Amino acid sequence: MQRHPSLPSLDRPRIMGILNLTPDSFSDGGLWTDPDLALRHALAMVQAGADFIDIGGESTRPGAAPVSLQQELDRVIPVIERLAGETAAMISVDTSKPEVMRAAVTAGAGMVNDVFALRQEGAVEAAAGLGVPVCLMHMQGEPRRMQEKPGYDDVVEEVGSFLAQRAAVCEAAGISANQIVLDPGFGFGKTLQHNLDLLRGLPLLARAGYPLLVGISRKSMLGAITGRETGDRVAASVAAALLAVQGGAAIVRVHDVAETADALKLLAAFTDKPY
Ligand code: 8Y7
């Protein structure tokens, strides 16, 4: 339990590889529902340069079926247990449920990634009690209806103040500032224009002083820009990850780890930094 009470050093950009244990995720749903294949895929992502593996058992896709607590536990816990025994990479659990957070950390997860920014009943207390780092993501509305009519006066300002507020709530509950990562939540209650404004506004969001995590990989904003289906968005995803890191993202959450690692190596060489 709690093999990784703190974040790895973020002096260079880090890659979070996505492992979806759901039958209905938008891009890779159903691919890794077999635990053996899931484990193999996770280890391949670590081999390819992932510093984090984000494991989720409930799809947040608009219209996705809700998942019961038991179902979510059954999907993620066995895989976390086995993966924890086989890698030193940080295992992050993508969940909003306090019970799943606790079971996942007991099983070997070292971080909580919550698209609800710990707003569910008991979630802040659970995460604080576990003592692990947390990623707090912005979302407007709730997954089922978030894309119906997203609206902001100033998306960067509003997302920034929401995240600062959630960080303050977490710190008040005993989560230390250096255990907090913030995420503008690309695609979660945002139009294409909102997403582009946020990508452009990353340097402003970074000024709050918390590391930023960005997840754009294969998302529909890339489909809107390129006209390509999810599986054909790898190049656009890599470009987006590179733009995010240049804008100040500390961690990029991606499906295509090897390709992203190559791009970040190129950026490191270009900026004369170590990778
Ligand atoms: C994000 C996320 C998803 C994201 C963080 C997808 C779970 C949709 N997107 N978590 N989760 N940030 N922190 O594309 O952008 O994988 S689900």
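Note that ligands are numbered from 1 as they come in the structure, with each ligand's atoms numbered from 1 the same way. What you are looking at is a predicted structure, and each value in this text was computed from that prediction instead of being measured.
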What atoms of ligand 1 come closer than 4.0 angstrom to any heavy atom of Phe188?
1 (C), 3 (C), 9 (N), 17 (S)
Between ligand 1 and Lys219, is the shortest N or O to N or O distance under 3.5 Å?
yes
Nitrogen or oxygen of Asp183 less than 3.5 angstrom from that of ligand 1:
yes
Check for a donor-acceptor pair, side chain of Ser237 on one end and backbone N or O of Arg218 on the other, with a separation under 3.5 Å.
yes
With a 3.5 Å distance limit and no angle check, can you tell me whether Gln140 reaches the backbone of Gly151 through a side-chain donor-acceptor pair?
yes
Please evaluate residues Lys273 and Asp11 with respect to the criterion salt bridge (charged side-chain N to carboxylate O under 4.0 Å, His left out), reporting the C-alpha separation (whole Å), side-chain torsions for both, the decisive distance (0.1 Å), and the verdict.
CA-CA 10 Å; Lys273 286 186 183 150; Asp11 55 350; over 6 Å; no
For the hydrophobic clusters of this structure (ILVMFWY residues joined by side-chain heavy atoms under 4.5 Å, transitively), does one cluster hold both Met137 and Val93?
no
Contact (N/O only, under 3.5 Å) between Asn113 and ligand 1
yes
What atoms of ligand 1 come closer than 4.0 angstrom to any heavy atom of Gly215?
15 (O)
Between Arg166 and Val124, does the side chain to side chain contact (heavy atoms under 4.5 Å, CB included) criterion hold? Intermediate values first, please.
CA-CA 10 Å; Arg166 293 309 301 161; Val124 171; 3.6 Å; yes
Would you say ligand 1 has an N or O under 3.5 Å from any N or O of Thr60?
no
Within 4.0 Å of some non-hydrogen atom of Val115, the atoms of ligand 1 are 2 (C), 7 (C), 10 (N), 11 (N)
Is there a side chain to side chain contact (heavy atoms under 4.5 Å, CB included) between Arg253 and Asp183 once you walk through the steps?
CA-CA 10 Å; Arg253 181 179 178 279; Asp183 183 340; 5.6 Å; no
The atoms of ligand 1 lying under 4.0 Å from a heavy atom of Leu213, numbered in the order shown, are 13 (N)
Salt bridge Arg119-Asp114, side-chain N to carboxylate O under 4.0 Å:
no
May I ask whether Cys135 has any heavy atom positioned less than 4.0 angstrom from an atom of ligand 1?
yes
Considering the heavy atoms of Asp94, write down every atom of ligand 1 situated less than 4.0 Å from one of them.
7 (C)
